[in-house]
Amino acid sequence: MGQRIHFVVDPQGWCCMGLIIFVWLYNTIFIPKVILFPHYEEGNISVVAVLCYYFCSLFCIASLFRASVADPGKLPENPKIPITELEHWELCNKCNMMRPKRSHHCSRCGHCVRRMDHHCPWINNCVGEDNHWLFLQLCFYTQILSSYTLILDFCHYYYFLPLKKENWDVFVFRHELALLRISAFMGLIILGGISRLFYTQLVGIFTDTTSIEKMSNCCEDISRPRKPWQQTFSEVFGTHWKILWFIPFRQRQPLRVPYHFANHV
Ligand SMILES: [Zn+2]
Ligand SMILES: [Zn+2]
C-alpha cells in the first residue's frame, strides 16, 4: 500500500487543529525559555529533564501530524470482494458503495471508513482502522506533555530555588507570571479533556467496540467472540511488540491480512 497523504478540506477542522498547534508551540517555546534553561544553567535540574521535555514534545507533534495526514481506512473505488467474504460486506446507502461491516460513512469527509471510531476535528481527520493507533499515541503523549508542563509550572514557583535572572530575555522577564499562568491554564484544560477521552478510548479497545457502535448501541447485534485485551490492542497497533505501541515513527502493518484489502496488500 502506498503511503499517500490524506488531507481533509474542512475550515472548521483547520481552526481546531491550528489551536492545538498553537498550544504545542506555546509550551515548546516558553517552558524551556522560562523554566528549563534558566534552572538548568543554575544547576537546579539536570540535562535529562530538558531532553525528556523535548522528546515528549517531539512525540506529541509527530503523532498529531501523522494521525492528521494518515489515511484512516478509506475504501478503494472498486473493491474486489471474494465470494466467500460477501456476507461480511454491506451497501452504504450514502455513497452507494460496498463496504466491510463495521465501516461507517463520515459525513464530514464524504466517504466510508473501515472500522471508523469517530471524526475528530482536533486532528481534522477521521479516526479509523489505519490511524487509530496514532490517535491513541497522540492522546498518550499529550497527557504526558501537559502533566510535565504543569509539574514544571508548579515547581518553578513552589519548589525550585529562586532564579538570579541575570541573562533573561527582557520579554520573558517582564511577562514571566502571565506566561506561566497561561501555560498552567491551558495544561489543566487539555489534561482534563484528553484524560477523559483516553479513558473512553482504552475501554473501547478493551471491549473491541468503536465509539460509533457504542453510541448507536449496535454492539449487541454484532456477535463477536470476546478477544483478550492483548489481541485487541495488537490489532489496533498492528504489532504484538508492546514497545512499538509507543513509537509513532514507523509504518503500521495490519496484523492479519483483512479480507477487504487482501487484493492489494
Ligand atoms: Zn459511504
Ligand atoms: Zn471524517
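Sequence positions, counted from 1, serve as the residue numbers for this chain. Just follow the structure's listing: the first ligand is 1, and inside any ligand the first atom is 1. All figures in this text were calculated on a predicted structure; none of them were measured in a lab.
When rounded to 10 degrees, the angle formed at the Zn ion (ligand 1) by SG (Cys92) and SG (Cys95) equals 100°. In this structure, SG of Cys109 and ND1 of His119 enclose an angle of 100° at the Zn ion (ligand 2), rounded to 10°. Rounded to 10°, the angle that SG of Cys106 and SG of Cys126 form at the Zn ion (ligand 2) is 100°.
Applying side-chain contact (heavy atoms from CB on, under 4.5 Å) to Val236 and the options Asp117, Ile205, Leu255 leaves one that passes, Ile205.
His105 contributes atom ND1 as its closest N/O/S atom to the Zn ion (ligand 1).
Between Trp229 and Phe206, the ring-plane angle classifies as tilted under the 30° and 60° cut-offs.
Residue His111 does not count as close to the Zn ion (ligand 1), with no N, O or S atom under 2.8 Å.
Among all heavy-atom pairs drawn from Ser183 and Asp153, the shortest one is OG-OD2, 2.9 Å.
Note: Phe140 and Phe59 fail the aromatic proximity criterion, with ring centroids not under 6.0 Å apart. Centroid-to-centroid, the aromatic rings of His111 and His105 stay 6.0 Å apart or farther.
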